[in-house]
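Reviewing the structure listed below.
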Amino acid sequence: MNQMSCQGYFNLLLSRREYSVRELERKGKDKGFTEEEMAETIAKLQEFGYQCDRRLADAVIASGKSKYGKGALRRKCLGKGISAEIFEQAWSEQPEPPDYREDTRDLQGKVERKYGIADWQNLDPKTKAKVYRYLQYRGFNPTELLQYWIEE
């Protein structure tokens with residue numbers, strides 16, 4: 001079997017997608033690399049700009065912004081090993097503050113199809129509770145989002 005260096009292995013991983021430092025450390029540990037070897041390699045990768053937790057946080061936010069709210073995206077980033085400070089910095093520096101009317105147009109259509117909603121003004125309490133839980137699970141503020149959709 002071909003033995004791969006820590007540098008080569010991490011380069012191979014990062015050539016496919018972004019990884020956080022914690023994800024690289026976990027994968028390196030699974031391959032049997034030492035802590036010192038991994039720390040040195042990660043420092044080199046960061047120096048050359050090949051690995052950046054901030055860039056990963058930006059990518060997670062950009063890809064999930066229309067489907068998930070801030071809470072769900074924060075959990076996703078924390079699960080990848082990105083610190084809360086880096087996430088908050090990335091969130092606050094997004095091009096513009098989230099506009100629920102535009103960013104959630106697809107989500108609104110999905111909810112309408114899923115729950116058979118034709119009129120947001122006359123939601124029965126049972127359906128409203130289901131929609132509330134659905135939005136809350138995805139990290140949105142359901143009260144605020146439902147109010148936007150009802151006003152339309």
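Count residues from 1 along the sequence.
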Could you state the interatomic distance from OG (Ser5) to CG (Leu12), rounded to the nearest 0.5 Å? 10.5 Å
Could you tell me if Arg113 sits above the aromatic ring of Tyr115, with its cationic atom closer than 6.0 Å to the ring centre and no more than 45 degrees from the axis? no
Tell me, with the steps shown, if Gln46 and Cys52 meet side-chain contact (heavy atoms from CB on, under 4.5 Å). CA-CA 6 Å; Gln46 288 176 331; Cys52 179; over 6 Å; no
Once you round to the nearest 0.5 Å, how far does CD of Gln7 lie from CG of Leu45? 5.0 Å
Gap separating the CD atom of Glu37 from the CZ atom of Phe10, nearest 0.5 angstrom: 8.5 Å
With side chains defined as the heavy atoms from C-beta onward, is the minimum distance between Leu107 and Trp149 less than 4.5 Å? yes
Do side-chain atoms of Arg138 reach the backbone of Tyr134 as a donor and acceptor pair under 3.5 angstrom? yes
Is a salt bridge present between Asp124 and Lys128, judged by a nitrogen-to-oxygen distance below 4.0 Å? no
For the CD1 atom of Ile42 and the NZ atom of Lys44, what is their distance to the nearest 0.5 Å? 12.5 Å
Are Gln51 and Tyr19 close enough that some pair of their side-chain heavy atoms sits under 4.5 Å apart? no
Do Asp30 and Arg26 pass the side-chain contact (heavy atoms from CB on, under 4.5 Å) test, and can you show the C-alpha distance, the side-chain angles, and the key distance before you say yes or no? CA-CA 6 Å; Asp30 291 347; Arg26 184 179 46 80; 4.2 Å; yes
With a 4.5 Å heavy-atom cut-off, do Leu24 and Thr41 have their side chains touching? no
If you compare all heavy atoms of Glu23 against all heavy atoms of Ser20, which two are closest, and at what distance to 0.1 Å? OE1-N, 2.9 Å
Between Cys77 and Ala57, what is the shortest heavy-atom contact and its length? SG-CA, 4.2 Å
Side chain Ser63, main chain Ala59, donor-acceptor under 3.5 Å: yes
For atom OH of Tyr9, decide whether the heavy atoms of other residues, nucleotides or ligands shown that lie under 6.0 angstrom number more than 12. yes
Measure the CG-NZ distance between Leu13 and Lys31 for me, rounded to the nearest 0.5 Å. 8.5 Å
Are Leu78 and Leu73 connected, step by step, through hydrophobic side chains (Ile, Leu, Val, Met, Phe, Trp, Tyr) whose heavy atoms are closer than 4.5 Å? no
Do the side chains of Glu88 and Arg74 get close enough for a salt bridge, i.e. N-O under 4.0 angstrom? yes
I'd like to know if the side chain of Gln121 and the backbone of Ile150 have a donor-acceptor N/O pair within less than 3.5 Å. yes
Within the supplied structure, the quantity of interest is the number of heavy atoms (other residues, nucleotides, ligands) at a distance under 6.0 Å from Tyr68 OH; does it exceed 12? no
Do Gln94 and Ile61 come within less than 4.5 Å of each other through their side chains, counting heavy atoms only? yes
Trace of the side-chain contact (heavy atoms from CB on, under 4.5 Å) decision for Asn141 with Leu135: CA-CA 7 Å; Asn141 179 342; Leu135 294 172; over 6 Å; no
With Arg133 as the cation and Tyr137 as the aromatic partner, state whether NZ or CZ is under 6.0 Å from the six-membered ring centre and within 45° of the axis. no
Could you tell me whether the side chain of Glu112 reaches within less than 4.5 Å of the side chain of Trp120, counting heavy atoms only? yes
Sole candidate of Leu56, Val21, Asp53 that passes side chain to side chain contact (heavy atoms under 4.5 Å, CB included) when paired with Lys80: Leu56
Under a 4.0 Å threshold between the charged nitrogen and the carboxylate oxygen, would Arg54 count as salt-bridged to Glu93? yes
Is any side-chain heavy atom of Lys67 less than 4.5 Å from a side-chain heavy atom of Asp106? no
Tightest non-hydrogen contact, residues Tyr50 and Glu18, listed as O-OE1, 4.5 Å
Gap between atom NZ of Lys126 and atom NZ of Lys130 - 0.5 Å precision: 5.0 Å
